[in-house]
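What follows is a set of notes on a single structure, which appears directly below.
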Amino acid sequence: MSWHAHITRLLHLSCFLLSCSVVFCQLSKDQDITLITLSKLLNNTASPWDATKEPNPCSWIGVRCSPDNTRVTHLFLSGFGLSSSDFISVICKIESLQWLDFSNNRLSSIPDEFINVCGQISELQTLSFSHNSLVGPLPTFHGFEGLETLDLSFNSMSGNISLQLDGFRSLKSLNLSSNKFNGHVPINLGKSMMLEELQLSVNSFQGSIPSEIVSYQNLHRIDLSANQLSGSIPDVLGNLTFLEVLVLSSNKLSGEIPTSLSNIQTLQHFAANENNFYGGVPCGLTRFLTYLDLSYNRLAGLIPPDFLSQPNVQTLDLSYNMLEGSIPANVSRNLVILKLGSNRMNGSIPVSFEALTNLTHLELENNSLTGVIPPQLSSCESLVVLNLAQNNLIGAIPAELAGLHSLEVMKLQLNKLSGEIPKQIPPRLSTLNISWNLLTGSIPSSITGLGNLDYLNLQGNKLSGSIPGRMPSLVELQLGQNQLSGTIPMMPMRLQTVLNLSSNLFEGPIPSDLSQLMGLKVLDLSNNKFSGEIPVLFTQMATLTELILSNNQLSGVIPVFPPRVSIKVTGNVGLVDTTEKLARKKGRVIGVSFILGAGASFLIFFLFFFLLLLGKPKRN
Ligand SMILES: *[C@@H]1O[C@H](CO)[C@@H](O)[C@H](O)[C@H]1NC(C)=O
Ligand SMILES: *[C@@H]1O[C@H](CO)[C@@H](O)[C@H](O)[C@H]1NC(C)=O
Ligand SMILES: *[C@@H]1O[C@H](CO)[C@@H](O)[C@H](O)[C@H]1NC(C)=O
Ligand SMILES: *[C@@H]1O[C@H](CO)[C@@H](O)[C@H](O)[C@H]1NC(C)=O
Ligand SMILES: *[C@@H]1O[C@H](CO)[C@@H](O)[C@H](O)[C@H]1NC(C)=O
Ligand SMILES: *[C@@H]1O[C@H](CO)[C@@H](O)[C@H](O)[C@H]1NC(C)=O
Ligand SMILES: *[C@@H]1O[C@H](CO)[C@@H](O)[C@H](O)[C@H]1NC(C)=O
Ligand SMILES: *[C@@H]1O[C@H](CO)[C@@H](O)[C@H](O)[C@H]1NC(C)=O
Ligand SMILES: *[C@@H]1O[C@H](CO)[C@@H](O)[C@H](O)[C@H]1NC(C)=O
Ligand SMILES: *[C@@H]1O[C@H](CO)[C@@H](O)[C@H](O)[C@H]1NC(C)=O
């Protein structure tokens with residue numbers, strides 16, 4: 001054997017030995033015993049640990065050990081069905097623990113023993129009790145020198161928070177979301193001031209946002225949404241130079257949105273919707289943001305001219321405010337969602353929107369927009385929702401919109417659109433609402449080819465002709481207040497909320513096959529010229545609650561419907577109402593008994609008086 005071969009063999013051997021040592025290295029004796037004890041303690045829970053099947057605890061589900069397999073570093077006890085905390089003292093013996101996850105169990109308290117003993121594990125970095133049944137006040141933590149992440153979210157803990165968390169020395173992420181905490185937003189969150197994430201949403205915190213929070217200079221995420229906070233946003237929040245996410249939604253905050261926030265170069269996501277903010281929209285606020293939601297406030301004034309043009313901005317929701325003026329025409333091509341609905345904006349829809357090829361939602365409803373719908377919107381090829389309802393738009397619905405292959409929702413109702421409905425309709429539509437316009441002509445037959453259309457509302461136009469055949473996936477059909485006539489096609493079985501054909505020119509017998517719509521709740525055929533009898537089969541429609549047949553030319557006897565159905569039949573001269581007859585008969589009976597009753601009491605009174613008179617002389 002050559003030298004070279006010798007050395008190679010030797011190398012191989014040592015490699016083999018090395019790798020061996022890794023495989024055979026055992027958990028230290030005491031940790032092994034601890035884990036076996038633990039597995040027995042957890043025996044009647046949903047714990048998957050079974051020492052008889054797998055002797056090496058490092059191979060158990062939810063256990064992670066150090067690379068050399070000598071020490072347990074992570075315990076994930078999520079969803080183990082834990083309800084009592086007996087086992088906690090055992091766990092706290094594992095002094096090498098870095099990660100301890102008790103989430104998704106039914107624990108009701110964090111015992112003092114846990115704080116006192118587990119608090120001594122200096123390597124512990126992450127601790128989660130989220131999604132348990134913890135109640136009562138927050139315990140005062142001490143020890144936990146290395147704890148960086150504390151997650152107590154989704155429990156029912158209550159009371160205020162003052163100094164309970166101030167003992168932490170390394171805390172970076174605190175999650176107390178979805179509890180019942182009250183009092184002020186805590187400001188003592190670890191003396192080391194290293195906090196990066198503060199998640200306090202869905203609690204009952206009150207008072208104002210404390211300015212002291214800026215002493216945590218490393219904060220990059222603050223979520224205070226869904227609390228009872230009032231007052232205004234402190235200007236100094238603009239000093240948080242690492243802030244990326246700020247969520248203040250659903251509180252009672254007011255005042256103006258501070259301009260200082262537009263100085264935070266790292267801020268990407270800012271939501272302050274559902275508050276009482278007033279004043280203007282600060283210029284430059286979108287300079288660095290990708291996501292901005294200021295909807296449901298009382299913001300007024302103009303949208304600053306460069307507000308929509310910032311290249312980072314992707315989602316912008318300013319709906320439900322009092323903004324006025326026109327929509328800025330300078331828009332960033334990167335916009336994905338733009339919601340400006342329910343404001344007081346006027347002017348027309350900028351043609352420049354044609355450049356927005358990434359735009360999925362364009363919602364400008366309930367404003368005072370004028371002019372036509374720009375045909376160029378057909379270039380917004382990613383559009384899923386187009387809502388221009390409740391404006392003063394005129395002109396025709398552009399035929400070009402048929403090219404919007406991703407469009408699912410098109411709402412153009414309550415405008416002054418005229419002309420005919422285009423022959424071609426966006427193919428993926430599920431909701432089409434073009435009610436209350438001035439549309440004429442007939443309903444295009446292409447509508448029967450829309451396989452996803454479940455809501456169609458064309459009511460309140462001047463449409464004529466007949467319904468063009470079966471629309472296969474309809475759930476609700478509103479065609480009232482038009483000039484439609486002809487035969488009513490077979491309706492799809494899925495039709496289950498409303499079928500409204502009222503105030504049209506339909507005539508002839510009511511098609512009895514409508515009775516096959518077993519999920520239908522409301523059927524309105526009023527104000528037409530339907531004649532003949534009410535189909536008896538209608539009484540068997542299982543979910544019908546409202547049947548409106550008034551003002552037609554129906555005749556015959558009204559069938560007897562179950563009591564859940566409210567029927568309106570007035571204005572049909574030929575119709576005989578058996579229930580009405582019954583009521584009249586009942587009325588007569590009541591009348592007779594009234595007369596009888598009145599007669600009887602008169603008689604008794606007379607007799608009484610007579611007896612009184614008779615008795616009088618005897619007393620004298
Ligand atoms: C776990 O409990 C079952 C019955 O509940 C019992 O048969 C089994 O021996 C127990 N296992 C251990 C390791 O204690
Ligand atoms: C906080 O809670 C404690 C204990 O319930 C109570 O004594 C204290 O008054 C509360 N502090 C505030 C500011 O509400
Ligand atoms: C708690 O908040 C932190 C920081 O925001 C987050 O990373 C974590 O996923 C949250 N926990 C739960 C259970 O949602
Ligand atoms: C905020 O920053 C400004 C300017 O950098 C500074 O003058 C001010 O003292 C800071 N305020 C706080 C509370 O840190
Ligand atoms: C549109 O906005 C961009 C970015 O804010 C700006 O650079 C550009 O000058 C603006 N264009 C017009 C015509 O105002
Ligand atoms: C639009 O509204 C603004 C502010 O309310 C007003 O000054 C302007 O005259 C209006 N423009 C039109 C075309 O109505
Ligand atoms: C649109 O989205 C794509 C993919 O998310 C992205 O690469 C692109 O920069 C965006 N902007 C434009 C104008 O296409
Ligand atoms: C229309 O906007 C006004 C003003 O913002 C609002 O009060 C109203 O509720 C909105 N209507 C609808 C149907 O959303
Ligand atoms: C359609 O428009 C009508 C007004 O004509 C409105 O009441 C209804 O809520 C709208 N439905 C949808 C789904 O847009
Ligand atoms: C049916 O449509 C008419 C006219 O559009 C409307 O007045 C009526 O309220 C609708 N009926 C029902 C039950 O919604």
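What's counted below: heavy atoms across the whole structure, side chains too, no hydrogens, waters or symmetry copies.
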Inset, instruction - Go through the steps to decide whether Thr290 and Thr315 satisfy the test side-chain contact (heavy atoms from CB on, under 4.5 Å), and finish with yes or no. - result: CA-CA 6 Å; Thr290 57; Thr315 296; over 6 Å; no

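- What you find for Val313 and Phe307 is that their closest heavy atoms are CG1-O, 4.5 Å.
- Side chain to side chain, Ser173 and Glu197 meet the donor-acceptor criterion of an N or O pair below 3.5 Å.
- When the options Leu377, Thr360, Leu383 are evaluated for a side chain to side chain contact (heavy atoms under 4.5 Å, CB included) with Leu407, the one that passes is Leu383.
- With hydrogens and angles disregarded, a donor-acceptor distance shorter than 3.5 Å links the side chain of Asp223 to the backbone of Ser225.
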Inset, instruction - Kindly indicate, with the supporting measurements, whether the criterion side-chain hydrogen bond (donor to acceptor under 3.5 Å, both in side chains) is fulfilled by Asn387 and His361. - result: CA-CA 8 Å; Asn387 190 350; His361 290 65; over 6 Å; no

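- Ile61 places none of its side-chain heavy atoms less than 4.5 Å from the side chain of Phe76.
- Residues Leu189 and Leu174 have side chains in contact (heavy-atom distance under 4.5 Å, counting atoms from C-beta outward).
- Panel note: side chain Asn391, backbone Asn367; a donor-acceptor pair is recorded below 3.5 Å.
- In summary, the aromatic rings of Phe168 and Phe141 are positioned with their centroids under 6.0 Å apart.
- Scored by the salt bridge (Lys or Arg N to Asp or Glu O under 4.0 Å) test, Lys29 finds no partners at all (sequence neighbours excluded).
- In this structure Cys58 satisfies the disulfide bond (SG atoms under 2.5 Å apart) test together with Cys65, sequence neighbours excluded.
- Proximity of a side-chain donor or acceptor of Asn155 to a complementary backbone N or O of Asn132 within less than 3.5 Å is detected.
- Scanning all heavy atoms of the two residues, the minimum distance from Leu243 to Thr266 falls at O-OG1, 2.7 Å.
- Between the side chain of Tyr278 and the backbone N or O of Asn297 there is no donor-acceptor pair closer than 3.5 Å.
- For the residue pair Asn203 and Asn179, the shortest heavy atom distance occurs at OD1-C, 2.8 Å.
- Taking CG from Leu302 and CD from Glu324, the interatomic distance works out to 6.5 Å, rounded to the nearest 0.5 Å.
- Looking at Val385 and Glu408, their side chains never come closer than 4.5 Å, going by heavy atoms from C-beta outward.
- In this structure, Ser260 OG and Ile233 CD1 are separated by 8.5 Å, a value rounded to the nearest 0.5 Å.
- In this model, a donor atom of one side chain and an acceptor atom of the other lie less than 3.5 Å apart for Asn104 and Ser78.
- In this structure a side-chain-to-backbone donor-acceptor pair under 3.5 Å is present from Asn275 to Leu253.
- If you run side chain to side chain contact (heavy atoms under 4.5 Å, CB included) between Leu165 and each of Thr140, Leu176, Asn188, only Leu176 comes through.
- Between the side chains of Gln199 and Ser201, at least one donor N or O lies within less than 3.5 Å of an accepting N or O.
- With contacts defined as side-chain heavy-atom distances shorter than 4.5 Å, the pair Gln31/Ser96 qualifies.
- Taking the six-membered ring wherever Trp is involved, the centroid distance between the rings of Phe129 and Phe114 falls below 6.0 Å.
- Going from atom NE2 of His131 over to atom CZ of Phe154 covers 4.5 Å, rounded to the nearest 0.5 Å.
- Side-chain atoms of Gln310 come within 3.5 Å of backbone N or O of Asp306 as a donor-acceptor pair.
- For the pair Leu267 and Val245, the tightest heavy-atom approach, listed with the atom from each and the gap, is CD1-N, 4.0 Å.
- In this structure, a donor-acceptor pair under 3.5 Å is present between the side chains of Asn116 and His142.
- Listed by chain and residue number, nothing satisfies the salt bridge (Lys or Arg N to Asp or Glu O under 4.0 Å) test with Glu381 (two or more places apart in sequence, or in another chain).
- A heavy-atom distance below 4.5 Å is not found between the side chains of Ser382 and Ser406.
- The backbone N or O of Phe80 sits less than 3.5 Å from a side-chain atom of Asn105, completing a donor-acceptor pair.
- The stretch residues 184-196 participates, sequence neighbours left out, in these salt bridge (Lys or Arg N to Asp or Glu O under 4.0 Å) pairs: Asp166-Lys191.
- Using a distance-only test at 3.5 Å, with no hydrogens or angles considered, no donor-acceptor pair links the side chain of Asn433 to the main chain of Leu412.
- With hydrogens and angles disregarded, no donor-acceptor distance shorter than 3.5 Å links the side chain of Asn218 to the backbone of Leu195.
- Of the residues Ser128, Ser103, Ser177, the one that meets the side chain to side chain contact (heavy atoms under 4.5 Å, CB included) test with Ser153 is Ser177.
- Aromatic ring pairs are classed by plane angle as parallel below 30°, tilted from 30° to 60° and perpendicular above 60°; the pair Phe205 and Phe181 is parallel.
- The shortest distance between side-chain heavy atoms of Asn312 and Leu289 does not fall below 4.5 Å.
- Screening Arg169, Gln98, Lys172 for a side chain to side chain contact (heavy atoms under 4.5 Å, CB included) involving Glu148 leaves a single residue, Lys172.
- The line from OG of Ser83 to CZ of Arg106 is 5.0 Å long, rounded to the nearest 0.5 Å.
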Table please: side-chain donor-acceptor pairs of residues 328-346 below 3.5 Å, with sequence neighbours left out.
| from | atom 1 | to | atom 2 | distance (Å) |
| --- | --- | --- | --- | --- |
| Ser332 | OG | Asn334 | N | 3.0 |
| Asn334 | ND2 | Pro311 | O | 3.0 |
| Ser342 | OG | Asn366 | ND2 | 2.9 |
| Asn343 | OD1 | Asn321 | N | 3.1 |
| Asn343 | OD1 | Met322 | N | 3.3 |
| Asn343 | OD1 | Leu323 | N | 3.0 |
| Asn343 | ND2 | Leu318 | O | 3.0 |
| Asn343 | ND2 | Leu340 | O | 3.0 |
| Asn343 | ND2 | Gly341 | O | 3.2 |

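- The minimum heavy-atom distance linking Phe242 with His220 is given by the pair O-CB, 3.0 Å.
- Taking CG from Asn452 and OG from Ser430, the interatomic distance works out to 7.0 Å, rounded to the nearest 0.5 Å.
- Here the side chain of Asn251 pairs a donor or acceptor atom with the backbone of Leu229 at under 3.5 angstrom.
- No side-chain heavy atom of Met193 sits less than 4.5 Å from a side-chain heavy atom of Gln217.
- Leu35 and Trp60 make their closest contact through O-CZ3, 3.5 Å (heavy atoms, listed as atom of the first residue, atom of the second, distance).
- With sequence neighbours excluded, the residues satisfying ring-ring contact (aromatic ring centres under 6.0 Å, His included) with Tyr296 are Tyr320.
- For Arg287, the CZ atom counts as densely surrounded, since its 6.0 Å shell holds more than 12 non-hydrogen atoms of other residues, nucleotides or ligands.
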Inset, instruction - I would like to know whether Phe144 and Ile121 meet side-chain contact (heavy atoms from CB on, under 4.5 Å); could you show each step before the answer? - result: CA-CA 7 Å; Phe144 296 100; Ile121 306 176; over 6 Å; no

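- With rounding to the nearest 0.5 Å, the separation of CG in Asn358 from CG in Leu356 is 9.0 Å.
- Proximity of Leu299 to Phe277: side-chain heavy atoms (C-beta onward) are separated by under 4.5 Å at one or more points.
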